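Remember, predicted model here, so these are calculated numbers, not experimental data. Below, chains carry the letters A, B, ... as their sequence lines are ordered, and counting in each starts from 1.
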2 protein chains.
Amino acid sequence: MQKYTGETPVLVAVDCIIFGFDGWNIKLLLVQRNLDPEKGKWSLMGGFMQPGESPDDAANRVLEHRTGLKNVYMDQFRVFGGPDRDPVERTLSIAYYALIDINKYEKQLNDDHHAEWFLPEEMPELIFDHNEMVKLARRQLMYKAALHPILFQLLPEKFTIPQLQALYEGVYQTKFDDRNFSRKLLSTGLLIKLAEKDKQSSKKGAFYYTLDQSHYEENFESFLNLVPNPNKFFQ
Amino acid sequence: MQKYTGETPVLVAVDCIIFGFDGWNIKLLLVQRNLDPEKGKWSLMGGFMQPGESPDDAANRVLEHRTGLKNVYMDQFRVFGGPDRDPVERTLSIAYYALIDINKYEKQLNDDHHAEWFLPEEMPELIFDHNEMVKLARRQLMYKAALHPILFQLLPEKFTIPQLQALYEGVYQTKFDDRNFSRKLLSTGLLIKLAEKDKQSSKKGAFYYTLDQSHYEENFESFLNLVPNPNKFFQ
DNA sequence: CCAAAAGTGTTTCCTGTACACCCATGT
DNA sequence: ACATGGGTGTACAGGAAACACTTTTGG
């Protein structure tokens with residue numbers, strides 16, 4: 001077989017920044033690295049791309065292996081490729097962020113792999129350039145979630161509007177006006193109201209909603225305005 | 001030196017979708033490929049990432065080598081990594097789009113490298129998955145230019161508002177209202193009016209403007225609304 | 001009956017859009 | 001004078017944001 005001679009191949013890895021939401025806070029899933037160098041230190045979930053795999057395949061495999069979840073929302077957001085980013089050998093990393101429903105996550109795997117959920121403020125130091133990856137992923141999430149309804153991916157099938165709001169407030173670290181928030185979200189036409197109420201967090205109870213899947217997919221690329229004054233977060 | 005054993009390295013390339021604007025139309029710069037396979041066929045400008053180079057370095061090198069231009073606006077927008085995308089050998093491609101001032105481009109290099117500017121509608125078939133890359137790059141350009149003032153990068157130092165409008169109309173393939181367009185752009189505070197007028201295209205003449213560089217950089221990440229009814233392009 | 005949270009109403013403001021008109025000037 | 005494009009003025013509609021109030025129900 002013909003080859004491109006004289007070119008130097010490099011290793012290619014994928015790294016996943018995995019976001020979850022526990023009802024109050026956004027959290028990140030980290031693992032303790034099980035190979036040298038930096039064995040035992042905290043890192044993102046990642047792995048090398050295998051022959052026959054596309055980068056997306058690799059990212060999905062890593063995610064399934066670590067969390068037991070398939071068909072997860074993922075966004076490839078940046079390649080990290082500085083020549084010295086991995087001290088062992090030149091490795092290119094394709095970074096993805098993933099949004100998962102924390103309730104579907106299998107705790108069993110968690111323990112097996114020495115994985116743990118962290119609040120962004122309480123994260124330990126990570127290996128290599130993983131700190132930078134997390135920083136960029138959080139920014140990217142804020143950017144995209146201001147325009148597109150991706151945060152639904154972090155919630156269970158049915159959820160209440162106050163839950164949804166708590167999620168947005170977690171991502172943007174601000175309080176939003178309750179009344180405007182619910183009206184804004186309802187006006188998108190993305191939500192289907194259910195008969196059932198959640199009575200856990202209040203006496204009156206909040207109605208459950210689900211996502212209108214077809215409407216969601218059709219208008220996903222359009223610009224919405226889900227966050228008040230988004231520019232204040234990007235200046 | 002320690003190594004990750006058992007992992008398969010792959011070649012990594014960068015490919016650049018280079019946009020230019022000749023005053024009336026958006027154009028794309030393509031080259032005739034000078035190595036096998038597919039020698040002589042049209043392709044994007046690309047090259048392999050070299051040891052010691054980051055992907056951004058590689059993209060800048062390719063661009064400078066082919067156009068003579070440095071410090072060009074580039075955006076890494078997607079990795080193309082299907083296992084069979086290059087028939088010769090597994091190659092990952094990191095795709096960038098670049099926006100250049102067509103007047104600064106050196107025609108000499110053009111001829112040397114068998115490069116040519118094409119209208120998007122008149123482009124030849126390209127090798128590998130380059131057609132798909134172009135398609136995605138054009139979409140990405142529309143997306144980003146609706147929110148951020150990147151299209152200025154395609155114009156010379158000084159330009160008139162009608163020129164700017166023609167550019168936007170080229171990118172979105174629509175007519176915009178002249179009066180609203182100029183008012184909207186002026187209200188961004190990005191433009192500095194010059195004393196001089198361009199009398200080429202009208203008797204009254206249109207004032208030249210330049211970009212307020214500091215304002216541009218400071219607010220680059222904020223959302224602007226530069227395009228009327230942007231959602232119609234993404235539904 | 002009161003407290004606590006859900007969620008609907010109302011008003012104000014501002015921005016995006018549509019459309020009419022005046023301006024400058026080379027021929 | 002007049003045609004041709006450049007640019008400003010105006011008027012309206014709809015959406016975003018600020019703030020008030022009612023509704024529900026467990027204790």
Rounded to whole Å, the CD-C1' distance (B:Gln200 to D:dG6) equals 16 Å
In whole angstroms, the gap separating C1' of D:dT8 from CD1 of B:Ile161 amounts to 12 Å
Pair B:Asp198, B:Thr160 - check side chain to side chain donor-acceptor pair (under 3.5 Å), show working.
CA-CA 7 Å; B:Asp198 167 40; B:Thr160 65; 4.7 Å; no
Taken to the nearest whole Å, CG/B:Leu226 to C1'/C:dT17 is 16 Å
From CZ of B:Phe181 across to P of C:dT17 the rounded distance in Å is 12 Å
What contact category does A:Ser201 fall into here, base, sugar-phosphate, or nothing, at under 4.0 angstrom with non-hydrogen atoms? sugar-phosphate
Looking at the base of C:dA5, is there any donor atom on it, or on the side chain of A:Asp178, that sits under 3.5 Å from an acceptor on the other one?
no
Judged by nearest nucleotide, the residue sitting upstream toward the 5' end of DNA chain D, A:Ser187 or A:Lys203, is A:Ser187
Determine the interplanar angle of the B:Tyr97 and B:Tyr73 rings, folded into 0 to 90°, and report it as parallel if under 30°, tilted if 30 to 60°, perpendicular if over 60°. tilted
To the nearest angstrom, the CG-C1' distance between B:Asp177 and C:dT15 comes to 15 Å
Among D:dT8, C:dA24, D:dG7, the one nearest any side-chain atom of B:Lys197 is C:dA24
Mind checking whether B:Phe118 and B:Trp42 have parallel, tilted or perpendicular rings, split at 30° and 60°? perpendicular
Among C:dT17, D:dG6, C:dC19, the one nearest any side-chain atom of B:Ala206 is D:dG6
Using atom names, set out every protein N or O paired with an N or O of nucleotides 21-23 of chain D below 3.5 Å, distance rounded to 0.1 Å.
{"from": "D:dT23", "atom 1": "O2", "to": "A:Lys204", "atom 2": "NZ", "distance (Å)": "3.0"}

Ranking B:Ser202 and B:Asn229 by the position along DNA chain C of their nearest nucleotide, the one closer to 5' is B:Asn229
Is the NZ or CZ atom of B:Lys193 both under 6.0 Å from the centre of the six-membered ring of B:Tyr209 and within 45° of that ring's axis?
no
- prompt: Counting only side-chain N and O atoms of B:Asn180, is one of them less than 4.0 Å from OP1 or OP2 of C:dG16?
  reply: no
>> Quick check on A:Lys104: does its NZ atom have over 12 non-hydrogen neighbours (other residues, nucleotides or ligands) under 6.0 Å away?
In response: no
Item checked: Donor-acceptor pair under 3.5 Å, A:Asn225 side chain vs D:dA16 base -> no
query: A:Phe223 vs A:His148 aromatic rings, parallel, tilted or perpendicular, using cut-offs 30° and 60°?
result: tilted
In whole angstroms, the gap separating P of C:dA6 from OH of A:Tyr208 amounts to 12 Å
Considering only heavy side-chain atoms of B:Lys199, the closest of D:dG6, C:dG26, C:dT8 is C:dG26
Separation of D:dA16 atom C1' from A:Leu185 atom CG, nearest Å, is 14 Å
Would you please test B:Phe181 and B:Tyr168 for ring-ring contact (aromatic ring centres under 6.0 Å, His included) and show each step? CA-CA 10 Å; B:Phe181 185 85; B:Tyr168 272 85; 5.5 Å; yes
Assess whether a salt bridge exists between B:Glu132 and B:Arg85, defined as any Lys/Arg side-chain N lying under 4.0 Å from an Asp/Glu carboxylate O.
no
From CG of B:Leu164 across to C1' of D:dG7 the rounded distance in Å is 15 Å
query = Side chain of A:Arg183, base of C:dG9: donor and acceptor closer than 3.5 Å?
reply = yes
